[in-house]
J.: 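Right, I'll just put the structure down here and ask away after.
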Amino acid sequence: MTRNGQRLLLLIDDEPAQRRLIAAIAARGGWRAIFASDAEMAIATMGTQDGMQLDAILLDHSTMTDDSVALLGELRERRPALPILVLTANGSVASAVAAMRAGATDFMVKPLAPERLLCALDAAVTASSSGELRPLTEKIPALLGFDEIVGSEPTFRAALAIAAKAARARVPVLLEGEGGVGKEVIAEAIHAASPRGKKPMVAVNCGTLSANLIESELFGHEKGAFTGAFERKIGRFVDADGGTLFLDEVGNMPMDAQVKLLHYLNSGLIQAIGARHAREVDVRVIVAANKRLLDEVEAGNFREDLYYRLNVVQVTIPPLRERAGDIPALTRHLLARIAQQPGLVPLGITDDAMHLLVNYDWPGNVRQLQDVLFRAAVLCEANALTRDDFPHIAAIGSQKPAGGPVASAVPASGGVTLFRADGNLRPLEEIEADVIRLAIGHYRGRMTEVARRLGIGRSTLYRKLTELGIDNAA
């Protein structure tokens with residue numbers, strides 16, 4: 001850290017324009033950047049007094065030659081605890097995997113959003129100083145349908161059933177749940193199952209945009225509409241015309257944009273900033289919030305009329321800690337998707353490691369589980385993940401009582417909870433319903449296969465669905 005309290009970033013990049021851009025973005029978050037254009041200069045910088053005070057390194061992998069792995073190894077050897085982030089081209093997952101195996105802390109994919117850079121730098125430094133889990137930037141493409149979403153816990157399947165029914169209508173949907181529970185995945189499933197499935201789905205995270213940019217981002221602007229509007233901008237509503245617009249962290253939307261969103265929902269018309277006339281667009285709106293949106297209404301931060309206009313269908317997604325029985329199946333599903341990434345191979349997981357994952361509290365929910373599994377898969381040299389591949393979780397320890405209901409009820413091979421929270425067995429009817437839900441999810445709604453694997457006839461299966469109150473979409 002520099003004397004004026006700024007954190008110091010060593011940026012290894014041979015493109016002056018990109019260096020200036022990244023330095024300007026980093027400065028917003030209290031970082032001062034120093035530069036190195038190649039490996040030799042970077043090593044030399046590490047020996048200066050500034051280098052001694054480094055808080056993080058950002059390496060543009062595209063500027064490196066064949067010695068990039070050697071450079072990462074030497075940087076890691078010189079500064080074992082220093083966060084090293086790698087910037088890689090879009091789609092270059094194999095390069096990022098190689099970089100992480102060589103000692104990189106995390107990687108980011110171009111084009112790089114300013115907010116993502118600042119979050120990654122702050123998270124890397126926090127993790128380095130506290131020993132907490134570091135987030136992975138790379139997102140495994142979701143684009144799952146309802147039949148591919150893993151989870152058999154009753155509250156989760158009930159939420160999916162509501163979402164599946166809502167998909168057939170044009171009405172707005174409000175998704176609520178903690179960060180990382182999979183709201184965007186469910187929004188994509190709603191879009192895919194709707195009549196608009198072949199049209200575009202456009203996602204906008206209102207939490208990553210400044211208040212004065214959201215209105216322009218959503219509705220567009222005309223050239224000269226305000227200072228800095230050097231050219232006309234087509235808003236995201238127009239981009240999504242005929243399809244779906246997903247607004248994440250909608251509670252962060254400023255009041256002016258809320259008024260225009262309400263006007264669209266009531267009239268079907270939008271008006272770009274500086275435009276003389278409104279235009280009609282056909283967009284299905286799905287919104288998500290990490291916190292209870294009604295609380296924002298009561299606090300005066302969100303319009304009450306807009307809340308009720310958006311909350312035609314509400315889907316509340318439970319956190320992962322409340323559906324621990326889904327962790328084994330979810331873990332294997334994520335590992336299978338991770339194995340499809342370039343440079344990675346299929347991996348198993350030991351019972352001991354699975355027990356560790358099941359008993360962790362997962363404050364970052366499914367997103368954190370995916371990040372943890374991705375990092376473990378990248379660094380694993382065996383053919384199965386063990387407890388040793390999750391050192392941070394093992395160090396934190398179980399967040400649930402040892403030998404408690406979750407630990408004993410969730411076998412590594414299953415996903416059905418046998419015990420209630422008080423330690424008593426659940427009724428057979430509830431367990432049977434969960435097994436059927438699990439089978440429907442596992443076999444992606446292919447009811448003939450579900451019946452065959454359960455050893456019953458199709459007519460018996462449908463009778464049980466009715467008796468147990470199971471929606472066949474759930």
J.: Under a 4.0 Å threshold between the charged nitrogen and the carboxylate oxygen, would E432 count as salt-bridged to K464?
T.: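 Salt bridge: yes.
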J.: Provide the closest heavy-atom pair for F246 versus M201 in the form atom of the first, atom of the second, distance.
T.: CB-CE, 3.5 Å
J.: Looking at side-chain heavy atoms only, is the closest gap between Y360 and V372 below 4.5 Å?
T.: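 Not touching, per the 4.5 Å side-chain cut-off.
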J.: Answer yes when E467 and R463 have at least one side-chain N-carboxylate O distance shorter than 4.0 Å, and no when they do not.
T.: yes
J.: If every non-hydrogen atom of E153 is compared with every non-hydrogen atom of R323, which pair is closest and at what distance?
T.: CG-CB, 3.3 Å
J.: How close do A26 and L9 get, heavy atom to heavy atom, and via which atoms?
T.: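 Minimum heavy-atom contact is CB-CD2, 4.3 Å.
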J.: State, with a plain yes or no, whether a side-chain heavy atom of I436 is found less than 4.5 Å away from one of L454.
T.: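 They are in contact (side-chain heavy atoms under 4.5 Å apart), so the answer is yes.
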J.: Could you check L175 against I186 for side chain to side chain contact (heavy atoms under 4.5 Å, CB included), going step by step and ending with a plain yes or no?
T.: CA-CA 8 Å; L175 305 175; I186 292 179; 4.3 Å; yes
J.: So do the side chains of Q18 and L87 get within less than 4.5 Å of each other, counting heavy atoms only?
T.: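 They are in side-chain contact.
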J.: Answer whether the closest heavy-atom distance between the side chains of V173 and R284 falls below 4.5 Å.
T.: yes
J.: Decide yes or no for D389 and L379: does some side-chain heavy atom of the first lie under 4.5 Å from some side-chain heavy atom of the second?
T.: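 Not in contact.
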J.: Nearest 0.5 Å, please: how far is CG in L59 from CG in L10?
T.: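 Rounded to the nearest 0.5 Å, the CG-CG separation comes to 9.0 Å.
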J.: Could you tell me whether the side chains of S152 and D326 share a donor-acceptor contact shorter than 3.5 Å?
T.: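 Their side chains do contain a donor-acceptor pair, which is all the 3.5 Å distance test asks for.
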J.: With a 3.5 Å cut-off and no angle check, do the side chains of D371 and Q368 form a donor-acceptor pair?
T.: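 No, no side-chain donor-acceptor pair sits under 3.5 Å.
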J.: Any side-chain donor-acceptor pair under 3.5 Å between R458 and T448?
T.: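 Yes.
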J.: A side-chain contact here means heavy atoms from C-beta on lying under 4.5 Å apart; do R321 and E178 qualify?
T.: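 Yes; the side chains approach each other to less than 4.5 Å.
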J.: Is there side-chain contact between T350 and H355, with heavy atoms separated by less than 4.5 Å?
T.: no
